[in-house]
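What follows is a set of notes on a single structure, which appears directly below.
Residue numbering restarts at 1 for every chain, and letters A, B, ... go by the order of the sequence lines.
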Amino acid sequence: MSDDSKGVWVYLQHDSAGLTVPSLELIAAGRSVADKLGQELVGVILGSGLDKMADAAVQRGADRVILVDSQDLETYLNLAYADAIYSLVKERKPYVLLITANEVGKDIAGRVAYRVPTGLATDNVQLAVEDYSNPVLGQFKDLLIQVRPDFGTRLARIYTPRHRPQMATVRPGSFTPLEPDPKRKGKVEKVPFKAPGYPAKVTEVVELPPPTPDLAGADVVISLGLGVLKDRSGSPKDPRDAYRLALDLKSAFETRGMKAEIGATRALIYAELKELEGIIGKNNQVGQTGATVKPKVYVAAGISGALQHRVGMQNSTKIVAINTDPGAPIFKIAHYPVVGDLYEELPKLAEAVRRGAIAG
Amino acid sequence: MLVIVLTKGVPARTTQAAQVGGVLNREAMELVLNPHDAKAVEAADYVKRRVGGKTVALSMGPDTKLVPLMKPLYASEVSGVDEEYVLSDRKMAGGDTLATSYAVALGVRKVVERHTKAIEELEEMIKKAGYSEAVKAKAKELYAANLLSNRVYSDLPSVRGTIVSRFLSGDATSSGAVQELEAEKARVSRFIVLAGTKTTDGETGSVGPQVAEGLSELLGVVVPHATYVEDFDVDPSASTVDSRRMIGYLSQKLEMRLPALLTVAAEYRPRSPPAAGMKEVRANSYRGKVYQPFKWTAEDIGADPKKIGLVNSPTIVGTGIDIGKPPVQKSVGSTQVFLKAVEKTEFEGKAYGPYSRGDVAADVPEGLVARLRADGSVGVFDVPMLAEELTA
């Protein structure tokens, strides 16, 4: 195919506080792709009254910012947002378009991709640029390699060789925002948008407080899995005891000035244990269908390490895995394997963390 | 009202999924209905009880596998689905979300068209044959095929004054009847599509919005969508749907004109349909259930051969990546580590070090380790050291 498409685009979401953290991560993701391609990184921001957003996007790594600033975009309506992005894409033909894989991103991305039309690789956790060759389709230079969780046991590479832009959604928590550089300069451009009439209207928007716990913002995440149900000897345990031990470890880390939260695996949450009702729920879930986290310390207690869980925490700086089964897959990615019973190991660790505070 | 539920057969156990070149071989493994679709089925049942109509389940995949899987849907919830459609054709196999959404949108269009065409057939007959038994026979035939609502024709004794009966008794003129049938056609075109928020195999969540986009393209009208719907209601005249959904920290209420597509979240709980308005509900309803599932090929739904299946999918699934091992592992209770800093040391003519506290003593020869252990420079990695490294 003749490829006159150029530029790496990132669609940046914002709230009352400015660009969202996932948007800053998306700029970092786009920056690495743009640098490998030697292309411009363009931030696309939609809404009304956006002037202050542009500087933030540039300081965090964008070369150019397109502000689609319109009263018609003041309230989020998926049809209008998809229209605004689509018309820009159609007109300017970017090479790559990245969108955050959250509810808003997924609300828009599918419609835009269908209309272009192009492929859509969702929930990517890594991105790369490589040449690609296929016996049927031929050779492709500098293709975006989209890496997302696969059906079962691994990550899959997804290619979109024949269509532009190569569209991908990126899971929040998969990239680290770049430090702001106040000296960075970029071009800012304003584009008007007029919404046609839509057969849909937003009748109410209520902003709810962010979910507790704040897994993404924690220094330490202590997660529990189905291993809480039994001790080393196989005798049943009350999972609330494990929760108490996790809480104790959380407060131990907090004595060291580290913000800690409690996480859980999907398996534990979906087991809907009566004992954990109201204590551990969906907001605690780490993994493919829950939060993606990369804290300084991740403690996986009683977690075997299914791929769906690993993709949500594998980028943590230091992973501690506590499990009675030495063959548990979680040990393959743990920096600190602890073969043992979480009911014995969690208190030991909490004590040691606390003692360090006194010694230090 | 036509209530169309999208459903999918997914691997019963994702870890045992049989794959051929990155594509699931659905013919070779045990399938179950996508668990996320259960909420869409619940929601469809609610709409049918609320405004009347019929529920239709639509799926794509090998029919030999899907027909048995979908059978229990006839008896699901309060009233169960009324008809089932399977888009089954090797030519459509292996499609990515774009190719799949295109085919599914075509399937939805065809379901709707069966009903609008039936009304058109009846209109033609009225225009051609006037007040005659031929009109009644035609209406009876289409009603038996479950294609006309009770408003148009019915054999239920409780339903009186259908369009056809009023026409045949002379209470309605032929142009009046055709006008009413046109209004019925418009009503049929205000359908609703319900789907799960995602599937347990692909986990993309893209197909819902993409089917809405596909329908917009095929029908030439914007078909809006709402994802992650936790609560919704259809107005009694069945022309709009009010939905509430969570997008991030925002709870958004979205009012959409029908036709529209909703993906239904796990949090959804059906409301209790109001007892009033039963007459309208009955008028909107159809004869009953058709237990013989419809099987349609790519040709049946009018698919462009260049837009379906694996080869026409924009995305290609490449080789997998195993999640790598971290460079250095320190096992509590077994890994030998330096307990204190050790300067460059010579041992059997070779130089080692320098080492810092916490370094793994992996490349150090046994004899040297023994010496370092003896003087307390090397020891087993323990919990206090772990705590020290975690809080550093």
Given that the side chain runs from C-beta out, which part of [X] has a heavy atom under 4.5 Å from chain A: side chain, backbone, both or neither?
| X | value |
| --- | --- |
| Ala212(B) | both |
| Glu217(B) | side chain |
| Phe381(B) | side chain |
| Met246(B) | both |
| Val311(B) | backbone |
| Arg244(B) | neither |
| Ser216(B) | side chain |

Please look at [X] and chain B and tell me whether the side chain, the backbone, both or neither of the residue comes under 4.5 angstrom of a heavy atom of that chain.
| X | value |
| --- | --- |
| Asp219(A) | neither |
| Gln13(A) | neither |
| Val136(A) | neither |
| Gln288(A) | side chain |
| Thr317(A) | neither |
| Thr203(A) | both |
| Asp123(A) | side chain |
| Thr122(A) | side chain |
| Leu120(A) | both |
| Val202(A) | both |

Would you mind telling me which of [options] has the largest number of heavy-atom pairs within less than 4.5 Å of chain A?
| options | value |
| --- | --- |
| Asp382(B), Thr319(B), Ile247(B), Leu258(B) | Thr319(B) |
| Lys330(B), Glu389(B), Lys198(B) | Lys330(B) |
| Gly214(B), Ser206(B), Ser243(B) | Gly214(B) |
| Ser251(B), Pro384(B), Gly208(B) | Ser251(B) |
| Met256(B), Met385(B), Glu388(B) | Met256(B) |
| Thr197(B), Thr204(B), Val383(B), Asp96(B) | Thr204(B) |

Ring-face cation contact, [Y] with [X], 6.0 Å cut, 45° max:
| X | Y | answer |
| --- | --- | --- |
| Lys307(B) | Tyr102(B) | yes |
| Arg357(B) | Phe338(B) | no |
| Arg111(A) | Tyr114(A) | no |

Counting only heavy atoms not in Lys259(A) (residues, nucleotides, ligands), do more than 12 fall under 6.0 Å from its NZ?
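Atom NZ in Lys259(A) is crowded, with more than 12 foreign heavy atoms closer than 6.0 Å.
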Using the side-chain contact (heavy atoms from CB on, under 4.5 Å) definition, which of the options Asp37(B), Thr263(B), Leu194(B), Val108(B) pairs with Leu6(B)?
Val108(B)
NZ (Lys8(B)) and CE (Met60(B)) are apart, to the nearest 0.5 Å, by 8.5 Å
Is a side-chain donor-acceptor pair under 3.5 Å present for Asp201(B) with Thr199(B)?
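Yes, because at least one side-chain N or O of Thr199(B) sits under 3.5 Å from a partner of the opposite role on Asp201(B).
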If we count only N and O atoms by modelled type, under 3.5 Å, do the side chains of Ser313(B) and Thr315(B) hold a donor and an acceptor together?
no
Answer yes or no: is there an ion pair linking Lys201(A) with Glu255(B), defined by an N-O contact shorter than 4.0 Å?
yes
With chain B as the partner, which of [options] has the greatest number of non-hydrogen pairs under 4.5 Å?
| options | value |
| --- | --- |
| Ala101(A), Pro199(A), Gly340(A) | Pro199(A) |
| Gly110(A), Pro337(A), Ala200(A), Gly119(A) | Pro337(A) |
| Leu79(A), Asn102(A), Thr20(A), Leu349(A) | Leu349(A) |

Could you tell me if the side chain of Leu33(B) sits less than 4.5 Å from the side chain of Val10(B), heavy atoms only?
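When only atoms from C-beta onward are counted, Leu33(B) and Val10(B) do not touch, as no gap falls below 4.5 Å.
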